[in-house]
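Working notes for the structure below.
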Amino acid sequence: MNMKSLEDVFIHLLSDTYSAEKQLTRALAKLAREASSEPLRTAFKSHLEETHGQIERIDQIVEQEPALKIKRIKCVAMEGLIEEANEVIESTEKNSVRDAALIAAAQKVEHYEIASYGTLATLAEQLGYKKAVLLLATTLEEEKATDLKLTDLAVDNINQQAEK
């Protein structure tokens, strides 16, 4: 995509994030199946439901702003993060060690999403997309909460089990 304006940058990042979320819906279902800890499985399933809502919010942004058209691109960053998670699955047994590694992989994803939504919210504000700012900020807060939930699971339980 040839970017010549701040709006072009916003559209590119929104398109990239949309692709990332779509890829993540497929990956989260697999992560939930591959986790051995019930609380971790539940966290992945819960985030999968949130991710569907996050995709709907991007759809709402595009519907509210006729000038915005999502481009069909593939988020290569998310593709790489998902590949790392798949490598964890392939190289570990289904136990607490795998769960600890899956949390680490999932937190990389969350940090990527936090960076993406933070940037998008800032750009939306600068471009005057007031409704988009609210929708993006809502998703940003969900991503931060998921990251904290994963940290709590790791610190309070899973990492200790993996250490034994």
Side-chain angles (χ1 to χ4, degrees), residues 11-64 68 70-121 124 131-162:
I11 291 168
H12 177 78
L13 292 174
L14 191 64
S15 300
D16 191 64
T17 302
Y18 190 77
S19 167
E21 295 291 18
K22 289 285 197 172
Q23 290 178 58
L24 189 56
T25 59
R26 294 183 293 276
L28 283 168
K30 183 175 183 179
L31 294 179
R33 285 191 309 273
E34 296 295 337
S36 67
S37 158
E38 186 57 40
L40 183 56
R41 275 195 299 275
T42 300
F44 285 144
K45 289 176 184 176
S46 173
H47 193 52
L48 175 58
E49 291 305 312
E50 274 185 351
T51 301
H52 288 298
Q54 294 163 356
I55 291 168
E56 288 174 17
R57 283 191 207 108
I58 293 174
D59 289 334
Q60 287 175 23
I61 291 167
V62 173
E63 289 168 15
Q64 292 171 359
L68 298 178
I70 296 276
K71 308 294 182 200
R72 291 187 57 102
I73 60 175
K74 185 170 196 173
C75 179
V76 293
M78 184 60 74
E79 184 178 40
L81 291 168
I82 290 169
E83 181 55 34
E84 283 187 30
N86 286 330
E87 288 173 7
V88 164
I89 292 166
E90 292 168 11
S91 64
T92 57
E93 292 181 29
K94 192 172 186 173
N95 58 27
S96 57
V97 171
R98 174 186 283 179
D99 288 350
L102 288 178
I103 289 173
Q107 286 193 287
K108 285 183 181 183
V109 168
E110 291 311 309
H111 294 182
Y112 176 74
E113 290 181 309
I114 289 166
S116 297
Y117 283 106
T119 300
L120 282 167
K131 292 178 182 174
V133 171
L134 296 174
L135 293 167
L136 294 165
T138 298
T139 298
L140 177 59
E141 291 309 310
E142 286 178 353
E143 300 296 3
K144 289 178 180 179
T146 297
D147 183 49
L148 288 174
K149 186 186 302 181
L150 290 168
T151 295
D152 289 345
L153 282 171
V155 171
D156 294 344
N157 187 351
I158 291 172
N159 287 355
Q160 293 166 352
Q161 289 178 8

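As the structure is a computational prediction, the values presented were derived from the model and not from experiment.
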Review point. For Asp59, which residues count as a side-chain hydrogen bond (donor to acceptor under 3.5 Å, both in side chains) partner, sequence neighbours excluded?
Key: Tyr18
Study note, to complete from the structure: Heavy atoms of Ser96 and Ile158 approach each other most closely as O-CG2, 3.7 Å
Practice item. Check side-chain hydrogen bond (donor to acceptor under 3.5 Å, both in side chains) between Asn95 and all other residues, then give those that pass, not counting sequence neighbours. Key: none
Check your understanding: What pairs with Glu83 under salt bridge (Lys or Arg N to Asp or Glu O under 4.0 Å), at least two apart in sequence or on another chain?
Key -> none
Exercise for review: With sequence neighbours left out, write down each residue that passes side-chain hydrogen bond (donor to acceptor under 3.5 Å, both in side chains) with Asp147, or none if nothing qualifies.
Suggested key: Gln107, His111
Revision key, fill the gap. For Arg41, the salt bridge (Lys or Arg N to Asp or Glu O under 4.0 Å) test, sequence neighbours excluded, returns Glu38
Exercise for review: Only counting residues at least two apart or in another chain, list the ones meeting side-chain contact (heavy atoms from CB on, under 4.5 Å) with Glu79.
Suggested key: Gln23, Lys74, Val76
Check your understanding: Testing Leu150, Leu81, Ile114 for side chain to side chain contact (heavy atoms under 4.5 Å, CB included) with Val109, which one passes?
Key -> Leu81
Check your understanding: Of all heavy-atom pairs between Val88 and Ala101, which one has the smallest distance, and what is that distance?
Key -> CG1-CB, 3.4 Å
Review point. Among all residues two or more places apart in sequence or in another chain, which pass the side-chain contact (heavy atoms from CB on, under 4.5 Å) test with Ala121?
Key: Leu136
**Study point:** For Lys94, side-chain contact (heavy atoms from CB on, under 4.5 Å) partners two or more places apart
**Key:** Ser36, Arg98
Exercise for review: Decide whether Asn86 and Glu90 meet the rule of one side-chain donor and one side-chain acceptor closer than 3.5 Å.
Suggested key: no
Revision key, fill the gap. Residue pairs meeting salt bridge (Lys or Arg N to Asp or Glu O under 4.0 Å), one or both in residues 46-57, sequence neighbours left out, come to Arg57-Glu142
Review point. By salt bridge (Lys or Arg N to Asp or Glu O under 4.0 Å), which residues pair with Lys144, not counting sequence neighbours?
Key: Glu141
Review point. Tell me, which pairs form a salt bridge (Lys or Arg N to Asp or Glu O under 4.0 Å) where one or both residues lie in residues 104-119, sequence neighbours left out?
Key: Glu84-Lys108
Review point. Can you list the residues that meet the side-chain contact (heavy atoms from CB on, under 4.5 Å) rule with Thr25, with sequence neighbours excluded?
Key: Leu48, Thr51, His52, Ile55
